[in-house]
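Just so we're clear, the structure is a prediction, and the values are computed from it rather than from any experiment.
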Amino acid sequence: MNVKKLLILSAIFLVLSIICASLFENDPKESFLNTVYTISGIMFSIGMGVLCTLNPDKVKNNIYYQEIKNNIIDVRNSYIAYFVLISTVYLVFQLYPAAKIDLYQIKNFVITAKVSYAVIALNILGILYFIANFIEIQRLGFEISDKTRVND
């Protein structure tokens, strides 16, 4: 998944966070947000570790090698970009845990954006994204194996 697609998904999840923040009166507990962010951080670390050990050097065909190398670099860049995004939102939450913006009011209903719900939404997306990329990394590993096997 490229960075542009990930940012579009992030925007969609932020809209969902605004919907949830508008519907629910209470904010999520800080311990829950800390736990979700910790899980995202662990998954990011595992994913980066797997990416760093994935080595396409066995591939002798230059076209395949460049394709695989570019795929690894794309996944790495999107991992980093997304983790920077969720870390930034999490740090904003740490500085301003009760931050909220009332965006619009329709009679007695207020459409609200709360940083706490943004943290939850982006971290849940992050966890799903990291899982999807674990599968993609495994597929890439199999692809490297397939392209380096000698047919008997």
Side-chain angles (χ1 to χ4, degrees), residues 1-24 27-101 112-152:
M1 180 181 314
N2 63 26
V3 175
K4 183 179 177 182
K5 187 175 182 182
L6 187 57
L7 290 175
I8 291 169
L9 279 173
S10 297
I12 292 168
F13 269 70
L14 285 173
V15 169
L16 291 174
S17 78
I18 290 170
I19 292 168
C20 290
S22 299
L23 293 176
F24 301 116
D27 287 342
K29 292 185 178 181
E30 186 174 344
S31 61
F32 177 70
L33 296 173
N34 294 338
T35 301
V36 172
Y37 180 73
T38 300
I39 292 168
S40 294
I42 290 168
M43 295 184 79
F44 168 77
S45 298
I46 292 169
M48 288 301 288
V50 171
L51 276 173
C52 290
T53 60
L54 194 59
N55 190 352
D57 282 349
K58 297 182 278 182
V59 178
K60 301 302 178 202
N61 182 311
N62 282 335
I63 294 171
Y64 289 146
Y65 175 81
Q66 284 301 322
E67 181 182 314
I68 291 168
K69 179 181 163 190
N70 290 338
N71 195 339
I72 291 170
I73 290 169
D74 287 345
V75 171
R76 180 202 64 198
N77 291 345
S78 63
Y79 258 56
I80 291 170
Y82 195 74
F83 194 68
V84 166
L85 175 66
I86 62 176
S87 294
T88 301
V89 173
Y90 179 74
L91 290 174
V92 169
F93 169 75
Q94 289 298 309
L95 293 171
Y96 309 103
K100 75 175 196 168
I101 299 171
T112 303
K114 294 181 183 177
V115 70
S116 57
Y117 282 93
V119 169
I120 289 174
L122 292 177
N123 276 282
I124 289 171
L125 176 60
I127 291 167
L128 295 172
Y129 172 70
F130 295 140
I131 290 170
N133 273 291
F134 289 156
I135 295 167
E136 183 66 20
I137 292 167
Q138 184 181 36
R139 185 201 58 76
L140 186 58
F142 289 145
E143 185 178 327
I144 292 171
S145 295
D146 290 346
K147 290 182 178 182
T148 58
R149 293 181 60 108
V150 178
N151 292 332
D152 293 329

Which heavy atom in Leu140 sits nearest to a heavy atom in Leu54, and how many Å separate them? CD2-CD2, 3.6 Å
With rounding to the nearest 0.5 angstrom, report the CE to CG distance, Met43 to Leu128. 8.5 Å
Minimum heavy-atom distance Ser10-Tyr82, with the two atoms named: OG-CE1, 3.1 Å
Here the pair of heavy atoms bringing Phe83 nearest to Tyr37 is CZ-OH, 3.6 Å
Would you confirm whether Asn71, through its side chain, and Glu67, through its main-chain N or O, come within 3.5 Å as a donor-acceptor pair? no
Ring geometry between Phe24 and Tyr117 (parallel below 30°, tilted from 30 to 60°, perpendicular above 60°): parallel
Ile120 side chain reached by Phe32 side chain, heavy atoms, under 4.5 Å: yes
Sequence neighbours left out, what passes side-chain contact (heavy atoms from CB on, under 4.5 Å) with Glu30? Give chain and number order. Asn34, Phe93, Gln94
Greater than 12 external heavy atoms within 6.0 Å of Tyr64's OH: no
Starting at CD1 of Ile68, measure out to CD1 of Ile63 and round the result to the nearest 0.5 Å. 12.0 Å
Given 3.5 Å as the limit, does a donor-acceptor pair link the side chain of Ser87 with the main chain of Val84, or not? no
Looking at OG of Ser17 and CG of Leu125, how far apart are the two atoms once the value is rounded to the nearest 0.5 Å? 11.0 Å
If you round to the nearest 0.5 Å, how far is OH of Tyr90 from CG of Leu85? 15.0 Å
Side chains of Ser78 and Tyr129 only: does a donor on one sit below 3.5 Å from an acceptor on the other? yes
Does Ile73 have more than 12 heavy atoms from other residues, nucleotides or ligands lying within 6.0 Å of its CD1? yes
Flag if over 12 foreign heavy atoms under 6.0 Å of CZ, Phe134: yes
Closest heavy-atom contact between Leu122 and Ile86? O-CG2, 3.5 Å
What distance do Thr53 atom OG1 and Leu51 atom CG have between them, rounded to the nearest 0.5 Å? 8.0 Å
Closest contact, heavy atoms only, Gly47 versus Tyr79: CA-CE2, 3.5 Å
Measuring from atom NZ of Lys100 to atom CD1 of Ile18, what distance do you get when rounded to the nearest 0.5 angstrom? 13.5 Å
Donor-acceptor pair, Ser22 side chain versus Thr112 backbone, under 3.5 Å? yes
Nearest atoms (heavy-atom pairs only) where Leu33 meets Ser116: CD2-O, 3.5 Å
